[in-house]
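Not measured: the values here are computed from a predicted model.
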Amino acid sequence: MKAAILIDGGYFLKRLGSVRRDVDMLNAEAVDKAIGQLVDSHLKQLNNVEKAGNPYSLLYRCFFYDALPYMEKGHLPISGKAIDYAKSDQAKFRLALFDLLRRRANFAVRLGQVRKERSWILSEDAQKAILSGTRTPADLKDEDFYPGLRQKAVDMRIGVDIASISLKRQADTIVLVAGDSDFVPASKLARREGVRIVLDPMWRSVEASLFEHIDGLRSGFPQPKPKDKAAEAAPAPQPQDPAE
């Protein structure tokens with residue numbers, strides 16, 4: 001049996017801080033280590049059935065999907081202060097993480113792009129404050145806005161790889177670390193081809209309708225402690241994976 005592990009990087013990084021409070025989210029080495037632990041956990045779980053000498057013999061390849069950071073320059077909306085996105089902490093972190101992941105054995109990094117669709121977007125909290133009359137436009141600060149950036153071609157790459165792996169029979173099981181329904185069309189194709197789809201939502205609740213499109217649900221990290229307010233208040237139930 002061979003398994004492919006597909007990680008939606010944007011989703012993974014959003015959830016990691018909630019399920020692994022010990023990880024410094026701007027430390028590329030720490031996040032790279034956490035990704036390795038996630039992969040290790042899934043392979044060991046699958047190996048409970050396969051009983052291979054080395055769980056990593058089950059791995060076809062691991063894929064990490066994200067987008068290259070926005071690298072242009074601009075100006076803040078209120079102060080007009082110059083900003084260089086390429087020098088931001090987030091851009092430096094993303095580039096360092098991608099470099100570390102590329103060095104991993106049997107690991108592929110698939111990158112889309114980040115494009116500027118709009119200039120600046122007023123935050124929801126600021127919008128509500130203005131509409132309620134508790135603030136006026138003159139009270140707005142740079143911090144009330146976020147850049148109108150959007151990832152492009154990331155979900156498409158996930159879907160293409162699921163289809164390619166399934167049609168070429170490169171893996172018998174696909175572990176998908178994701179949380180939305182964008183993967184459903186590709187999942188349907190994979191299951192029709194006899195490939196098992198195991199979803200890892202990283203302890204986030206998923207829509208009930210997704211259960212008919214997957215063959216198992218499990219999270220590679222231990223469940224966060226209930227007192228951890230950053231974690232979901234009511235995590236999704238974890239049905240037994242047939243491979244367990």
Leu68 side, atom CG; Leu111 side, atom CG - distance, nearest 0.5 Å: 4.5 Å
Hydrophobic cluster membership, Val114 vs Ile121, 4.5 Å side-chain cutoff: no
Selection residues 58-68 - residue pairs positive for side-chain hydrogen bond (donor to acceptor under 3.5 Å, both in side chains), sequence neighbours left out: Tyr60-Gln170, Tyr65-Asp161, Asp66-Arg94, Asp66-Gln151
Sequence neighbours excluded and cut-off under 3.5 Å, please list the side-chain donor-acceptor pairs for residues 71-84, or say none.
unit_1, atom_1, unit_2, atom_2, d
Ser79, OG, Lys81, N, 3.2
Ser79, OG, Asp142, OD2, 2.7
Asp84, OD1, Ala86, N, 3.1

Side chain to side chain donor-acceptor pair (under 3.5 Å) partners for Glu212, two or more places apart: none
Side-chain touch Ile214/Arg191, heavy atoms, less than 4.5 angstrom: no
Same apolar cluster (I L V M F W Y, side chains within < 4.5 Å links), Trp120/Leu122: yes
Side-chain cluster (under 4.5 Å, hydrophobic types only) that Val160 belongs to, other residues: Met156
Contact check, side chains of Ile165 and Val195, non-hydrogen atoms, under 4.5 Å: no
Within residues 129-140 or reaching into it, pairs that qualify as side-chain hydrogen bond (donor to acceptor under 3.5 Å, both in side chains) - sequence neighbours excluded: Ser132-Thr134, Arg135-Asp144, Thr136-Asp139
Partners meeting side chain to side chain donor-acceptor pair (under 3.5 Å) with Glu29 (sequence neighbours left out): none
Sequence neighbours excluded and cut-off under 3.5 Å, please list the side-chain donor-acceptor pairs for residues 173-185, or say none.
unit_1, atom_1, unit_2, atom_2, d
Thr173, OG1, Arg196, NH1, 3.3
Asp180, OD1, Asp182, N, 3.1

Tyr85: partners by ring-ring contact (aromatic ring centres under 6.0 Å, His included), with sequence neighbours left out: Tyr70
For Ala34 against Phe221, the heavy-atom pair lying closest together: O-CZ, 3.4 Å
Greater than 12 external heavy atoms within 6.0 Å of Arg150's CZ: no
Closest heavy-atom pair and its distance - Lys2, Leu59: NZ-O, 3.9 Å
Whether Ser187 side chain and His213 backbone form a donor-acceptor pair below 3.5 Å: yes
Between CD1 on residue Ile197 and CG on residue Leu210, distance to nearest 0.5 Å: 12.0 Å
Residues clustered with Leu131, ILVMFWY side-chain links under 4.5 angstrom: none
All side-chain contact (heavy atoms from CB on, under 4.5 Å) counterparts of Leu167, not counting sequence neighbours: Leu189, Glu193
Main-chain N/O of Arg110 paired with Arg157 side-chain donor or acceptor, under 3.5 Å: no
Going by atom type alone, with no hydrogens or angles, which donor-acceptor pairs under 3.5 Å involve a side-chain atom of residues 99-109 and a protein atom two or more places apart or on another chain?
unit_1, atom_1, unit_2, atom_2, d
Asp99, OD2, Arg103, NE, 3.2
Asp99, OD2, Arg103, NH2, 3.1
Arg104, NE, Asp32, OD1, 2.9
Arg104, NH2, Asp32, O, 3.0

Pairs involving residues 33-50, ordered by first then second residue, that meet salt bridge (charged side-chain N to carboxylate O under 4.0 Å, His left out) (sequence neighbours left out): Asp40-Lys44
Positive for side-chain hydrogen bond (donor to acceptor under 3.5 Å, both in side chains) with Asp200, one of Arg15, His42, Arg218: His42
Ile158 CD1 to Tyr11 OH distance, which is reported to the nearest 0.5 Å: 12.0 Å
Heavy-atom donor-acceptor pair, Ser41 side chain to Gln37 backbone, under 3.5 Å: no
